[in-house]
2 protein chains.
Amino acid sequence: MNQDAPKPIPPRRPLTLRDVSEASGVSEMTVSRVLRNRGDVSQATRERVLAAAKRLGYVPNKIAGALASSRVNLVAVVIPSFSNMVFPEVLMGIGSVLDSTDLQPVVGVTHYKPERAEKVLYEMLSWRPSGVIVAGLEHTEAARAMLSNAGCPVVEIMDVDGEPIDSMVGISHRRAGRMMAEAIAGAGYRNIGFAGTKMPLDHRARKRFEGFTAALAKAGLEVRDREFYAGGSGLAKGREMTATMLERTPDLDFIYYSNDMIGAGGMLHCLTEGIDVPGRIGLAGFNALEMLAAFPKKLATMDACRREIGEAAARIIAERTASGDLAGEGGGTRIELEPVLALGDTLKRS
Amino acid sequence: MNQDAPKPIPPRRPLTLRDVSEASGVSEMTVSRVLRNRGDVSQATRERVLAAAKRLGYVPNKIAGALASSRVNLVAVVIPSFSNMVFPEVLMGIGSVLDSTDLQPVVGVTHYKPERAEKVLYEMLSWRPSGVIVAGLEHTEAARAMLSNAGCPVVEIMDVDGEPIDSMVGISHRRAGRMMAEAIAGAGYRNIGFAGTKMPLDHRARKRFEGFTAALAKAGLEVRDREFYAGGSGLAKGREMTATMLERTPDLDFIYYSNDMIGAGGMLHCLTEGIDVPGRIGLAGFNALEMLAAFPKKLATMDACRREIGEAAARIIAERTASGDLAGEGGGTRIELEPVLALGDTLKRS
DNA sequence: ATGAAAGCGCTAACAG
DNA sequence: CTGTTAGCGCTTTCAT
């Protein structure tokens with residue numbers, strides 16, 4: 001074997017800076033500088049070190065680095081679920097912004113359970129992240145205490161109906177519900193049903209519903225029928241629920257769905273049953289899933305600005321991290337995005 | 001204010017074990033023992049410590065803990081994308097298994113770019129995770145080197161057409177493509193088209209296509225037309241591509257789609273255009289998305305066992321971590337799952 | 001059952 | 001430009 005081209009030797013124990021130092025004949029400190037592109041190092045030394053590190057297959061130990069520097073390039077992201085497309089889209093927004101920094105998102109999932117949220121948060125904060133992005137404004141007392149003392153920027157996302165701990169980015173779900181109710185009532189629908197998820201802990205869905213009923217009340221209307229589901233495919237459930245409601249309350253002339261998946265399912269039901277939409281019955285969902293564009297009829301919906309929310313939240317963390325403003329001296333940023341109504345083909349123009 | 005119920009004082013600097021030690025009058029070491037449920041500590045001391053920790057709002061510093069113990073409860077998960085439902089489902093499988101351990105998944109996304117995969121991997125390995133789960137068997141040389149030397153269990157998932165570095169869990173995409181081709185040819189279709197994503201780096205899609213064409217060839221057939229797309233909503237793209245192909249090659253009697261979203265789009269196109277499916281033309285997708293169940297017609301598809309793959313991979317990591325078998329003395333586990341064909345309503349029974 | 005001492009692998013701060 | 005010296009906050013190990 002050619003001695004001038006030594007093969008990397010698979011290490012038994014993880015390599016340390018010291019190994020690279022010895023292999024390159026340069027002090028640990030200088031190796032550290034080269035590897036982090038910090039300070040002035042001569043081109044010659046730099047190359048020697050890089051060559052040695054590469055040949056050995058050295059991967060720095062961020063744990064030690066983080067402990068020594070008390071800097072951690074992790075951003076904790078706490079979301080309730082992966083299952084519908086809404087949070088993946090928020091994550092994509094976060095990722096697209098953080099990709100151009102050296103920050104890295106770390107995701108924790110709570111399944112809409114406050115006690116899990118507490119645990120996930122505790123776990124993540126114990127890694128001393130550079131920032132926290134958490135869905136929603138409602139937290140247990142313990143979670144709120146942890147967030148207040150996190151010692152890093154905290155951005156609560158999705159919702160702006162409440163007081164943030166630090167910063168918040170989102171839409172007003174009450175307003176979203178209200179806007180939809182006004183559009184529906186304004187278009188002349190009178191016998192309105194609601195289909196949603198069986199989730200007392202989905203505060204945003206609850207707020208939309210509250211805004212919805214409040215605005216209906218103002219128009220002298222109330223929800224004529226409602227149906228809730230848990231688990232399973234949204235699309236299929238939407239079909240079932242729609243069938244159920246139309247049978248139970250035949251004179252319904254509108255159904256407001258708490259998300260686009262069940263809304264699209266309801267629309268499919270009407271299409272296959274030959275029910276005239278939006279004449280005989282109008283339909284609307286929530287989220288503005290891209291998917292809707294492909295259906296024969298476009299469901300009325302409302303854009304929740306998911307990607308933008310992720311981007312804005314990540315930007316807040318990135319900026320505060322860059323400026324070293326850990327405590328949020330500025331008093332925290334508040335960004336309310338505008339949910340945009342899309343009438344589509346399932347809500348009569350008023 | 002009641003002096004017996006002192007309020008937690010928001011700390012300027014993160015609290016340390018020492019703070020809890022001083023507040024409780026117990027040595028740091030004992031505090032550490034209590035907080036980790038390790039060793040014997042008297043009930044009285046335990047309570048004092050717990051009370052102090054809670055009152056102060058102490059959150060342990062895992063960075064220091066990990067450095068001292070060289071134990072990290074993180075599992076690195078490297079996936080190409082969040083955008084379709086396939087990887088979120090894998091993540092749910094992983095999560096469901098790790099939730100009952102003290103391991104925590106950390107997700108990195110590569111966007112199907114080898115150079116990003118390398119960077120993400122380097123970044124994650126530098127946190128010395130307890131295990132790595134990475135999608136696919138194809139890696140750059142550098143990535144392969146890092147994985148080989150990771151010093152922890154490495155599970156390559158989704159695909160089994162190749163040699164794993166350590167363990168692998170997945171299906172054979174070549175075989176999946178072959179099975180579908182056999183079903184299609186067996187049902188009597190002869191003018192077969194293919195619609196897929198413009199992704200030379202999606203090796204699994206490529207392997208399915210290879211298996212597909214190989215099996216067609218064996219039946220004396222070849223792909224009559226093909227169409228590729230990039231980006232955008234799958235559903236909408238599926239419609240467009242289908243329209244395009246049917247115009248260009250009117251005698252097509254089957255289209256095989258590389259995923260269910262575009263397949264469902266194609267099906268919607270046929271439904272709205274009144275094209276007889278599966279008589280005039282047959283359709284099939286891939287993934288067995290739950291969503292398909294809600295459409296008026298069920299698309300023929302193949303289950304890629306996404307959730308099961310996630311679960312099995314997580315189980316391998318969890319077991320190896322529990323048994324301390326970091327190096328994979330057992331030689332690595334190989335699990336090939338069986339993709340299940342679902343004919344649905346869009347592929348004639350043979 | 002509890003404590004004291006010695007690092008884990010790296011980086012900040014300072015010295016040359 | 002490069003090296004030296006102290007820790008970072010915790011856990012391991014060994015006393016007591």
Select base, sugar-phosphate, or nothing to describe what [X] touches, counting heavy atoms under 4.0 Å on all strands.
{"X": "B/Arg33", "result": "base"}
{"X": "A/Asn61", "result": "sugar-phosphate"}
{"X": "B/Ser70", "result": "nothing"}

Rounded to whole Å, please give me the gap between [atom1] in [X] and [atom2] in [N].
{"X": "B/Met29", "N": "D/dT16", "atom1": "CE", "atom2": "C1'", "result": "15 Å"}
{"X": "A/Ile63", "N": "D/dG9", "atom1": "CD1", "atom2": "C1'", "result": "13 Å"}
{"X": "A/Trp127", "N": "D/dC8", "atom1": "CH2", "atom2": "C1'", "result": "15 Å"}
{"X": "A/Asp40", "N": "C/dA15", "atom1": "CG", "atom2": "P", "result": "19 Å"}

Side-chain N or O of [X] closer than 4.0 Å to phosphate OP1/OP2 of [N]:
{"X": "B/Ser27", "N": "C/dG3", "result": "yes"}
{"X": "B/Thr30", "N": "C/dA1", "result": "no"}
{"X": "B/Ser32", "N": "D/dC10", "result": "no"}
{"X": "B/Arg71", "N": "D/dT12", "result": "yes"}
{"X": "B/Ser42", "N": "C/dA1", "result": "no"}
{"X": "A/Arg36", "N": "C/dC10", "result": "no"}

Do the side chains of [X] and [Y] get close enough for a salt bridge, i.e. N-O under 4.0 angstrom?
{"X": "A/Glu319", "Y": "A/Arg315", "value": "no"}
{"X": "B/Glu115", "Y": "B/Lys119", "value": "no"}
{"X": "B/Glu89", "Y": "B/Arg307", "value": "no"}
{"X": "A/Arg320", "Y": "A/Asp166", "value": "yes"}

Taking it one step at a time, do B/Glu156 and B/Ile165 satisfy side chain to side chain contact (heavy atoms under 4.5 Å, CB included)? CA-CA 8 Å; B/Glu156 290 162 276; B/Ile165 291 166; 3.6 Å; yes
Tell me which donor-acceptor pairs under 3.5 Å the side chains of residues 58-66 of chain A have, and how far apart each pair is, sequence neighbours excluded?
unit_1, atom_1, unit_2, atom_2, d
A/Asn61, OD1, A/Ile63, N, 2.8
A/Asn61, OD1, A/Ala64, N, 3.2
A/Lys62, NZ, B/Glu123, OE2, 2.6

Bend angle of the helix from C/dA1-D/dT16 to C/dG16-D/dC1 from five-pair axes at both ends, rounded to 10°?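 Overall, the helix from C/dA1-D/dT16 to C/dG16-D/dC1 bends by 30° from one end axis to the other.
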Measuring only between side-chain heavy atoms, which start at C-beta, is B/Leu50 closer than 4.5 Å to B/Val34?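 In short, these two side chains touch, coming nearer than 4.5 Å.
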Nearest-nucleotide 5' precedence on DNA chain C, A/Tyr58 against B/Glu28: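 Final value for this comparison: B/Glu28.
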In terms of the nearest nucleotide of DNA chain C, which residue is placed more toward the 5' end: A/Arg38 or B/Gly25?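 Its nucleotide being nearer the 5' end, the pick is B/Gly25.
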